[in-house]
Amino acid sequence: MPVEHDEDHFEGRLSHALHDTGDRFDADRTALVAAGLARGRRLRLRRRATVVGGAAGIALVGVGGALLVPWGGTPAPRPSSSNVAEQPSGTPSAPPVTARQLIETLEGLLPEGKVSERDAKGATNSLMPPYVHLVHDDGKGPGAITVGLDRIEPGGEQARQMTKCPDKTVTPHDRCVSTLLPDGSLLKLFQGYEYPDRRVDTKMWTADLVTPAGQHVSVSEWNAAAEKGAPVSRSEPPLSTAQLKELAMAKVWRGYVDSIPGNGGGTGGSGEPTGTDQQGPTQEPSFTEILDTLVPLLPKGAKVADRGTDYSYLVVDDGKGRSLVEIDVQHGMGDVADELFGDDAETLPDGTLVTDRQDAGDKGVAGCVRRTVDTLRTDGFRVAVSAYNADGPHASPSRAKPALTVKQLREIALSPEWDRFR
């Protein structure tokens with residue numbers, strides 16, 4: 001399953017504002033404690049430094065994006081000189097935006113109210129893109145607001161995931177709309193929760209704008225004074241969706257993106273290639289191809305009740321309740337074999353490594369049972385399959401045990417049908 005909006009969400013949101021640094025931090029941190037699919041997925045993200053779509057943007061590992069963007073992979077020209085009066089110069093010689101400018105700009109774009117807890121980082125280097133954070137109170141209670149800025153590859157996987165609405169099975173939310181704007185930009189407006197399992201009622205609303213030039217503006221807001229650890233202070237975040245959209249689309253942010261040192265087209269804030277350029281020579285199969293291969297391998301009597309639109313999963317029902325089945329199909333995982341497979345892993349005659357485990361999942365849902373079979377061929381090709389006793393990673397158990405046994409998961413993971421993707 002993908003890296004998700006979860007209890008570490010603020011770090012996830014900063015992967016929008018600080019996508020390169022944020023992505024690597026998230027992957028390195030969680031890889032030490034995650035198990036099964038999540039562990040391998042994040043190790044792969046760390047190694048390849050691919051994007052985490054954050055927080056309403058979902059990272060797909062071993063799957064393909066379904067959202068088609070209207071531009072190609074070549075960056076469009078920078079904004080025309082007619083916009084210079086509204087934004088800093090987009091030329092490489094423009095002074096990098098400072099933290100003070102970011103704070104003053106955000107305050108000037110917000111409705112009337114009291115502002116506190118200001119924090120920002122200017123475009124002082126190419127490793128950490130700029131962001132600004134503050135708490136705004138319009139008289140109805142304080143709410144945290146964060147704006148992150150960066151440049152990403154237009155038309156790449158990162159741009160697609162930034163602007164694609166997440167699957168509700170993975171990231172429960174109230175509403176999400178992704179819109180193609182007249183200028184060719186894509187805008188995603190997301191209304192969800194800091195904790196998808198709703199353990200607390202902290203709401204999180206976000207806006208992600210990606211322009212044809214690759215300028216990325218990410219805005220997040222909460223109905224509390226902090227993204228987590230603070231009590232809910234108002235019924236909804238301080239900005240309406242219309243105001244959130246207006247804030248994200250303010251042209252001044254695009255000029256600030258262009259002032260980031262070393263921020264040429266087709267690169268992220270680190271100056272390194274982003275998106276599909278880092279995927280390696282082997283193309284991963286799309287999630288549609290994976291699921292079309294998985295369905296015939298299901299045991300008799302397991303009917304498909306739902307299938308993923310954002311990553312490779314099925315919800316199956318054998319008459320005893322709905323059960324989530326996840327699958328990762330990945331290339332180039334041989335370099336993390338020692339981390340994925342312990343000393344007790346089985347080695348088949350052809351050299352394939354196999355291990356199985358049972359745990360409570362990685363969401364902390366009471367009563368959750370997850371069974372996983374993980375396999376690694378000698379060429380680094382990995383197939384890992386998990387089944388839950390619930391119909392979603394955040395859902396309460398719908399049955400006592402997962403619909404698939406360890407034996408059935410093993411048969412699926414070791415099926416020669418996956419060889420077509422090697």
Side-chain angles (χ1 to χ4, degrees), residues 1-6 36-38 41 56 58-67 164-176 192-193 195-198 285-329 356-374 383-415 417-418 421:
M1 53 185 292
V3 178
E4 62 290 309
H5 305 258
D6 209 278
L37 302 180
R41 180 172 53 252
I58 301 297
L60 303 185
V61 175
V63 303
L67 177 65
K164 183 178 181 179
C165 287
D167 191 314
K168 279 195 172 184
T169 298
V170 185
T171 308
H173 57 274
D174 293 332
R175 190 168 186 263
C176 182
Y193 299 85
Y195 299 93
D197 60 6
R198 301 287 300 277
S286 71
F287 71 84
T288 299
E289 293 174 316
I290 293 172
L291 294 182
D292 287 347
T293 304
L294 174 60
V295 170
L297 299 177
L298 293 174
K300 185 178 180 180
K303 297 181 179 180
V304 177
D306 197 5
R307 58 187 286 157
T309 59
D310 266 342
Y311 78 104
S312 302
Y313 79 85
L314 299 173
V315 177
V316 302
D317 193 336
D318 59 359
K320 300 177 182 179
R322 291 159 63 94
S323 177
L324 176 69
V325 178
E326 298 176 329
I327 182 165
D328 272 356
V329 177
D356 64 77
R357 64 182 67 88
Q358 180 169 305
D359 56 29
D362 53 5
K363 300 296 176 296
V365 178
C368 178
V369 176
R370 175 176 63 181
R371 293 170 176 162
T372 300
V373 171
D374 205 340
V383 179
V385 192
S386 289
Y388 293 71
N389 65 334
D391 61 2
H394 302 282
S396 298
S398 54
R399 49 189 296 145
K401 298 178 180 179
L404 275 62
T405 65
V406 171
K407 180 180 179 181
Q408 291 168 332
L409 291 170
R410 180 185 174 104
E411 290 174 352
I412 290 173
L414 291 174
S415 171
E417 293 296 324
W418 302 114
F421 301 123

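Along the sequence shown, residues are numbered consecutively beginning with 1.
Of the inter-residue distances, the one linking Ser286 atom OG with Asp292 atom CG reads 7.5 Å to the nearest 0.5 angstrom. Within the model, atoms NZ of Lys401 and OG of Ser323 stand 13.0 Å from one another, a figure rounded to the nearest 0.5 Å. Atom CD of residue Glu326 and atom OG1 of residue Thr372 lie 8.0 Å apart, to the nearest 0.5 angstrom. Rounding to the nearest 0.5 Å places CG of Leu404 at 8.5 Å from CZ of Arg371. Interatomic distance, Arg307 CZ to Phe287 CZ, rounded to the nearest 0.5 Å: 8.0 Å. For the atom pair CD1 of Ile327 and OH of Tyr313, the computed distance is 15.0 Å after rounding to the nearest 0.5 Å.
The side chain to side chain contact (heavy atoms under 4.5 Å, CB included) check on Ser415 picks up Leu297, Glu417, Trp418, with sequence neighbours excluded. For Glu289, there are no salt bridge (charged side-chain N to carboxylate O under 4.0 Å, His left out) partners two or more places apart in sequence or in a different chain. Checked against side chain to side chain contact (heavy atoms under 4.5 Å, CB included), Ala390 has the following partners two or more places apart in sequence or in another chain: Ala395. Remark: Asp306 engages no residue in a salt bridge (charged side-chain N to carboxylate O under 4.0 Å, His left out) (not counting sequence neighbours). Shown here are the side chain to side chain contact (heavy atoms under 4.5 Å, CB included) partners of Lys407, two or more places apart in sequence or in another chain: Thr405, Glu411.
Residue Gly192 comes nearest to His173 through the heavy atom pair CA-CB, 3.9 Å, listed as atom of the first residue, atom of the second, then distance. Minimum interatomic distance between Ala302 and Val316 (heavy atoms only, all atoms of both residues): CB-CB, 4.4 Å. In this structure, Val365 and Ser396 approach most closely via the heavy-atom pair CG1-CA, 4.1 Å. Contact detail for Val329 and Pro285: the closest heavy-atom pair is CG1-CG, 4.0 Å.
Using modelled atom types, one side-chain atom of Asn389 and one backbone atom of Val369 make a donor-acceptor pair closer than 3.5 Å.
Residues Leu291 and Leu314 have side chains in contact (heavy-atom distance under 4.5 Å, counting atoms from C-beta outward). Looking at Asp356 and Leu409, their side chains never come closer than 4.5 Å, going by heavy atoms from C-beta outward. In this structure, the side chains of Cys368 and Tyr388 come closer than 4.5 Å at one or more pairs of heavy atoms. In this structure, the side chains of Val325 and Ser386 stay at 4.5 Å or more apart for every pair of heavy atoms.
Here Arg370 pairs with Asp359 in a salt bridge; the nearest charged N to carboxylate O distance falls below 4.0 Å.
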Apply side chain to side chain contact (heavy atoms under 4.5 Å, CB included) to Asp328 and Val383, showing your working. CA-CA 6 Å; Asp328 272 356; Val383 179; over 6 Å; no
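Residue pairs meeting the salt bridge (charged side-chain N to carboxylate O under 4.0 Å, His left out) criterion with at least one member in residues 388-400, sequence neighbours excluded, are Asp318-Arg399, Arg322-Asp391.
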